[in-house]
Peer 1: 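Please find one structure pasted underneath; my questions will follow.
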Amino acid sequence: MTVEEYNSAVDLFSDRVYRFVLKNIRDSHKAEDIVQDSYEKLWKNYDSVNFLKVRQYLFSTAYHTLIDRIRKEKRISSTEDMKLMERGHNSQFSDIKEILNQAIEQLPEVQKMVLLLRDYEGYSYKEIAELAALTESQVKVYIYRARVFLKEYIGSIDVLV
């Protein structure tokens, strides 16, 4: 990859990578740091990365950096008690987006990532499989499981309205 191609990758993909990371961690400063780390790793390996695969490289790098940061934070806060995952939601809410975001936060990281890439970013199953180093079948299964969990978490639509 050349310097011009690197700059082109920044222009083309930085916003999408940022939105993906931000949707997962909901902290703009951490998201910016992760995107910056991803581009730093790309710069360090620019001679070995094919420009045609740069999007896959950036999303994979950002995802793995995100996972590493989450694991590090969990180790730091491991002295706190962990709450059990709540499998139902019966409170009255007027903000459906709030409930959906709470439900998404409860998902395992892999399910959360593939669901966000598919439903929020619009990637195909094949593209997600490449980005996450999974098979298309695994991607479909994770998305299905995530959607089933979301349906169970949200419960009856009557609760939402």
Side-chain angles (χ1 to χ4, degrees), residues 1-80 82-83 85 97-153:
M1 176 181 345
T2 65
V3 173
E4 292 80 20
E5 289 174 331
Y6 177 85
N7 291 333
S8 177
V10 172
D11 293 337
L12 291 172
F13 305 117
S14 61
D15 289 337
R16 293 181 90 180
V17 173
Y18 174 76
R19 283 193 323 264
F20 169 69
V21 173
L22 183 62
K23 189 69 179 169
N24 277 287
I25 62 170
R26 300 193 192 300
D27 183 331
S28 61
H29 297 295
K30 290 178 184 177
E32 290 169 356
D33 289 344
I34 290 171
V35 171
Q36 185 174 357
D37 290 347
S38 300
Y39 275 99
E40 180 183 0
K41 290 175 185 176
L42 176 63
W43 180 252
K44 289 179 180 179
N45 298 311
Y46 78 94
D47 55 342
S48 63
V49 176
N50 183 349
F51 181 69
L52 299 175
K53 301 282 187 176
V54 73
R55 182 179 70 167
Q56 177 182 356
Y57 180 87
L58 285 170
F59 273 91
S60 296
T61 303
Y63 172 69
H64 292 294
T65 305
L66 171 71
I67 295 299
D68 290 344
R69 177 148 316 181
I70 289 170
R71 286 179 181 160
K72 181 179 178 183
E73 289 173 1
K74 282 185 179 178
R75 279 193 301 255
I76 291 171
S77 66
S78 65
T79 57
E80 298 174 8
M82 301 295 282
K83 291 184 178 180
M85 186 168 61
K97 186 176 181 182
E98 178 185 334
I99 297 169
L100 185 58
N101 288 336
Q102 287 176 355
I104 289 172
E105 287 301 314
Q106 299 293 324
L107 290 170
E109 290 304 320
V110 173
Q111 289 180 14
K112 184 176 178 181
M113 179 194 67
V114 296
L115 181 76
L116 292 174
L117 285 173
R118 177 72 177 169
D119 294 341
Y120 285 89
E121 295 294 329
Y123 284 98
S124 69
Y125 293 120
K126 183 178 182 181
E127 290 172 322
I128 296 169
E130 291 173 1
L131 291 172
L134 300 168
T135 66
E136 280 187 62
S137 297
Q138 289 173 314
V139 170
K140 290 176 183 178
V141 167
Y142 286 136
I143 290 173
Y144 172 77
R145 289 178 182 165
R147 288 177 179 163
V148 166
F149 173 79
L150 294 176
K151 182 178 176 183
E152 290 176 2
Y153 185 89

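As a basis for the values below, the full set of heavy atoms in this structure was taken, side chains included, without hydrogen atoms, waters or symmetry mates.
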Peer 1: Quick one: pull up OH in Y57 and CG in N45 and give me the separation to the nearest 0.5 Å.
Peer 2: 4.0 Å

Peer 1: Please report the shortest heavy-atom distance between F149 and A103, naming the atom on each side.
Peer 2: CE2-O, 3.4 Å

Peer 1: What I'd like to find out is whether the side chain of V139 reaches to under 4.5 Å of the side chain of L117, using heavy atoms alone.
Peer 2: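 The answer is no; the side chains never approach within 4.5 Å.
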
Peer 1: Any side-chain to backbone donor/acceptor pair from K140 onto Y125? Under 3.5 Å, distance only.
Peer 2: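 Not confirmed, K140 side chain does not pair with Y125 backbone.
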
Peer 1: Check whether S38 reaches the backbone of I34 with its side chain - one donor and one acceptor, N or O, closer than 3.5 Å.
Peer 2: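 Yes, because the side chain of S38 sits within donor-acceptor range (under 3.5 Å) of the backbone of I34.
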
Peer 1: For Y46, I'd like to know if atom OH has over 12 heavy atoms of other residues, nucleotides or ligands within 6.0 Å.
Peer 2: no

Peer 1: Looking only at heavy atoms, what is the nearest atom pair of V17 and A62, with distance?
Peer 2: CG1-CB, 3.7 Å

Peer 1: Do you know which two heavy atoms are closest between V49 and V54, and how far apart they sit?
Peer 2: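 Looks like CG1-CA, 4.3 Å.
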
Peer 1: Say you draw a straight line from OG1 of T2 to CZ of F51; how long is it, rounded to the nearest 0.5 Å?
Peer 2: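 One gets 8.0 Å once the value is rounded to the nearest 0.5 Å.
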
Peer 1: Could you check whether atom CD of E109 has more than 12 heavy atoms from other residues, nucleotides or ligands sitting under 6.0 Å from it?
Peer 2: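 Correct, the count exceeds 12.
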
Peer 1: Do T65 and K41 touch side chain to side chain, with heavy atoms closer than 4.5 Å?
Peer 2: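 A side-chain contact exists here, since the closest heavy-atom pair is under 4.5 Å.
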
Peer 1: Are any of the side-chain nitrogens in R55 or E127 under 4.0 Å away from the carboxylate oxygens of its partner?
Peer 2: yes

Peer 1: Taking the side chain from S60 and the backbone from L131, do they hold a donor-acceptor pair closer than 3.5 Å?
Peer 2: yes

Peer 1: Within the side chain of Q138, is there an N or O that forms a donor-acceptor pair under 3.5 Å with the backbone of T135?
Peer 2: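 Between the backbone of T135 and the side chain of Q138 there is a qualifying donor-acceptor contact (under 3.5 Å).
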
Peer 1: Going by the angle between their ring planes, with limits at 30° and 60°, are Y123 and F59 parallel, tilted or perpendicular?
Peer 2: perpendicular

Peer 1: Using 0.5 Å steps for rounding, measure from the NZ atom of K30 to the CG atom of L66.
Peer 2: 10.0 Å

Peer 1: Does M1 form a side chain to side chain contact (heavy atoms under 4.5 Å, CB included) with L42? I'd like the steps, not just the answer.
Peer 2: CA-CA 10 Å; M1 176 181 345; L42 176 63; 3.4 Å; yes

Peer 1: Any chance you could measure E136, atom CD, to S124, atom OG, to the nearest 0.5 Å?
Peer 2: 7.0 Å

Peer 1: Measuring from T61:OG1 to Q56:CD, what's the distance to the nearest 0.5 Å?
Peer 2: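 Here the rounded value is 9.5 Å.
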
Peer 1: Could you tell me if the side chain of L150 sits less than 4.5 Å from the side chain of I104, heavy atoms only?
Peer 2: yes

Peer 1: Taking side chain as C-beta onward, heavy atoms only, is R69 less than 4.5 Å from D37?
Peer 2: yes

Peer 1: What pair of heavy atoms forms the shortest contact from R145 to Q111, and how long is it?
Peer 2: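 For R145 versus Q111, the nearest heavy atoms are CB-NE2, 3.7 Å.
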
Peer 1: Strictly distance-based, threshold 3.5 Å: is any side-chain N or O of Y39 a donor or acceptor partner for the main-chain N or O of S14?
Peer 2: yes

Peer 1: Say you draw a straight line from NZ of K112 to CD of Q106; how long is it, rounded to the nearest 0.5 Å?
Peer 2: 9.5 Å

